[in-house]
Amino acid sequence: MIVGLAFAGFFGYLVVNVIVGLVALNVGSEVAFGVAAGVLALVGIGAGVVFVLLRRSWSIGLGVGLMIGWSLTSIVTVGYCTGLNPGLYA
């Protein structure tokens, strides 16, 4: 159950990332990219930690999946999709 929910958290984060990323790209300002980076970090790491700290079987898997989603997206896209590398937007 935990592994399945980790995959669900991972794919859930990817969906949130695409939506937030498209909104930030459509707005196109530096403030929008900063807000998007904060929201993505809050969803990926913040919500992930909160779910893990709840210590229920469903929440641990979901929280770990969210954190894995944020970290893998940051690594694979060199920080472009999570706002960690703002130099790529210039």
Side-chain angles (χ1 to χ4, degrees):
M1 186 164 123
I2 291 175
V3 174
L5 283 167
F7 279 107
F10 173 74
F11 289 116
Y13 177 79
L14 291 180
V15 169
V16 170
N17 193 0
V18 167
I19 293 169
V20 171
L22 288 175
V23 169
L25 288 173
N26 283 335
V27 172
S29 70
E30 292 181 15
V31 174
F33 292 131
V35 169
V39 166
L40 290 173
L42 189 64
V43 168
I45 301 300
V49 168
V50 168
F51 279 136
V52 169
L53 291 177
L54 285 176
R55 315 270 307 156
R56 294 189 174 58
S57 60
W58 64 269
S59 67
I60 291 173
L62 195 59
V64 169
L66 287 171
M67 291 187 284
I68 289 172
W70 183 85
S71 61
L72 282 179
T73 304
S74 297
I75 291 168
V76 170
T77 65
V78 194
Y80 182 77
C81 289
T82 54
L84 294 178
N85 194 354
L88 293 174
Y89 301 122

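Worth knowing before you read on, the calculation uses all heavy atoms, side chains too, and leaves out hydrogens, waters and symmetry mates.
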Euclidean distance, [Y] [atom2] relative to [X] [atom1], rounded to 0.5 Å:
{"X": "R56", "Y": "L62", "atom1": "CZ", "atom2": "CG", "result": "13.5 Å"}
{"X": "L72", "Y": "C81", "atom1": "CG", "atom2": "SG", "result": "12.5 Å"}
{"X": "W58", "Y": "I2", "atom1": "CH2", "atom2": "CD1", "result": "12.5 Å"}
{"X": "I45", "Y": "L40", "atom1": "CD1", "atom2": "CG", "result": "11.0 Å"}

Using the rule that Ile, Leu, Val, Met, Phe, Trp and Tyr join whenever any side-chain heavy atoms are under 4.5 Å apart, tell me whether [X] and [Y] fall into a single cluster.
{"X": "V39", "Y": "V50", "answer": "no"}
{"X": "V43", "Y": "I19", "answer": "no"}
{"X": "L5", "Y": "L54", "answer": "yes"}
{"X": "V76", "Y": "V15", "answer": "no"}
{"X": "V35", "Y": "V27", "answer": "no"}

* **Test side-chain hydrogen bond (donor to acceptor under 3.5 Å, both in side chains) applied to S74 - qualifying residues, sequence neighbours left out** =>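 side-chain hydrogen bond (donor to acceptor under 3.5 Å, both in side chains) check on S74 returns T82.
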
Locate the shortest heavy-atom distance separating [X] from [Y]; write the atom from each residue and the value.
{"X": "V52", "Y": "M67", "result": "CG2-CE, 3.7 Å"}
{"X": "F51", "Y": "S59", "result": "O-OG, 2.9 Å"}
{"X": "A32", "Y": "A24", "result": "O-CB, 4.0 Å"}

* **Contact check, side chains of V16 and W70, non-hydrogen atoms, under 4.5 Å** =>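 No, their side chains stay 4.5 Å or more apart.
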
* Asked: Does any non-hydrogen side-chain atom of L66 lie less than 4.5 Å from one of F10?
  ->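 When only atoms from C-beta onward are counted, L66 and F10 do not touch, as no gap falls below 4.5 Å.
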
* Asked: Tracing side-chain links under 4.5 Å among I, L, V, M, F, W and Y, which residues wind up in one group with V18?
  ->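 Its cluster partners, ordered by chain and number, are L22.
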
* Test T73 against every option in L14, I68, L84 by the side-chain contact (heavy atoms from CB on, under 4.5 Å) rule and name the one that passes. =>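 So the option named by the test is L14.
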
